[in-house]
Amino acid sequence: MDHQDPRGLILDAAEELFYGQGIQAVGMDAVRAASGLTMRRLYQQFPSKDDLVEAYLRRRDGRWRANLAVYVAGAAVQPRDQLLAVFDWLGRWFAEPGFRGCAFVNSFGELGAVSPAVAATARHHKEEFNAYLACLAEAAGAPPAIAAQLALLAEGAMTTAAVHGDPSAAADAKAAARVLLDAALPART
């Protein structure tokens with residue numbers, strides 16, 4: 001957190017509050033109080049709550065995907081193993097204190113029907129995640145359908161971990177991913 005950057009302070013506060021409590025449950029005054037800035041300063045940076053919600057989701061998307069990619073690249077060299085490492089990263093994320101599921105699914109559930117911007121941002125996040133899996137699958141020599149199947153396993157794991165509060169959903173999804181990959185890829189020698 002950069003204490004000199006009012007935009008960063010506001011986004012940090014909004015992320016903690018929106019993710020932890022839900023977007024609709026959090027008013028701009030709560031964001032102002034958590035950021036330590038004045039309401040005037042908040043509205044100078046974000047003229048509306050909708051602007052703030054969009055910025056929060058865009059920043060979270062970039063951070064989430066970057067953290068995943070860094071972890072996966074450092075965890076394995078072979079693309080097949082990198083695909084499986086995605087589920088290891090998910091397991092670590094699910095075990096974090098305060099894990100409440102996917103922020104994009106949550107925001108879509110709250111506002112997707114009434115906010116085209118939230119719906120578009122949630123779709124963009126999911127499309128980018130799927131594209132990342134598709135790149136890894138292609139590099140592994142897997143058929144294109146595998147990426148979509150792995151994405152469904154990951155999404156199901158996210159939901160299961162959030163609903164049940166059990167990070168083991170990632171290990172279960174990884175086991176299923178391994179079966180899919182074993183069936184789709186030629187045996188390694």
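By convention here, the first residue in the shown sequence is residue 1.
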For Phe104, which of His124, His125, Met158 qualifies under side-chain contact (heavy atoms from CB on, under 4.5 Å)?
His125
For Glu110, all residues meeting side chain to side chain contact (heavy atoms under 4.5 Å, CB included), sequence neighbours excluded
Ile23, Gln24
Please walk me through it: do Phe87 and Leu153 pass side-chain contact (heavy atoms from CB on, under 4.5 Å)?
CA-CA 9 Å; Phe87 296 93; Leu153 286 173; 4.1 Å; yes
Quick one: list whatever passes side-chain hydrogen bond (donor to acceptor under 3.5 Å, both in side chains) with Asn67, sequence neighbours left out.
none
Should we count CD of Glu16 as having more than 12 external heavy atoms under 6.0 Å?
no
Set of side-chain hydrogen bond (donor to acceptor under 3.5 Å, both in side chains) partners for Lys49, sequence neighbours left out
none
Can a donor-acceptor pair be found, under 3.5 Å and without considering hydrogens, that links the side chain of Tyr43 to the backbone of Ser48?
no
Around Arg41, counting heavy atoms of other residues, nucleotides and ligands shown, do more than 12 lie under 6.0 Å from its CZ?
no
Take Arg92 and Asp88, measure what salt bridge (Lys or Arg N to Asp or Glu O under 4.0 Å) needs, and give me the verdict at the end.
CA-CA 6 Å; Arg92 293 168 63 106; Asp88 296 332; over 6 Å; no
N-O pairing of Asp29 and Arg32 below 4.0 Å
yes
Using the benzene-type ring in the case of Trp, are the ring centres of Trp64 and Phe129 under 6.0 Å apart?
yes
Who passes side-chain hydrogen bond (donor to acceptor under 3.5 Å, both in side chains) against Asp50, sequence neighbours left out?
none
Could you work out, with salt bridge (charged side-chain N to carboxylate O under 4.0 Å, His left out) as the rule, every residue matching Arg123, not counting sequence neighbours?
none
Looking at Arg59 and Glu54, does any basic side-chain N land under 4.0 Å from a carboxylate oxygen?
no
Taking side chain as C-beta onward, heavy atoms only, is Gln78 less than 4.5 Å from Gln82?
no
Hits for side-chain hydrogen bond (donor to acceptor under 3.5 Å, both in side chains) against Glu138, two or more places apart or cross-chain, chain-then-number order -> none
Val105-Tyr56 co-clustered via ILVMFWY side chain contacts under 4.5 Å
no
Trp89 vs Phe94, test: side-chain contact (heavy atoms from CB on, under 4.5 Å). Steps then yes/no.
CA-CA 9 Å; Trp89 183 83; Phe94 299 167; over 6 Å; no
Could you tell me whether the side chain of Arg65 reaches within less than 4.5 Å of the side chain of Tyr132, counting heavy atoms only?
no
Asp182/Arg80 ion pair, N-O < 4.0 Å
yes
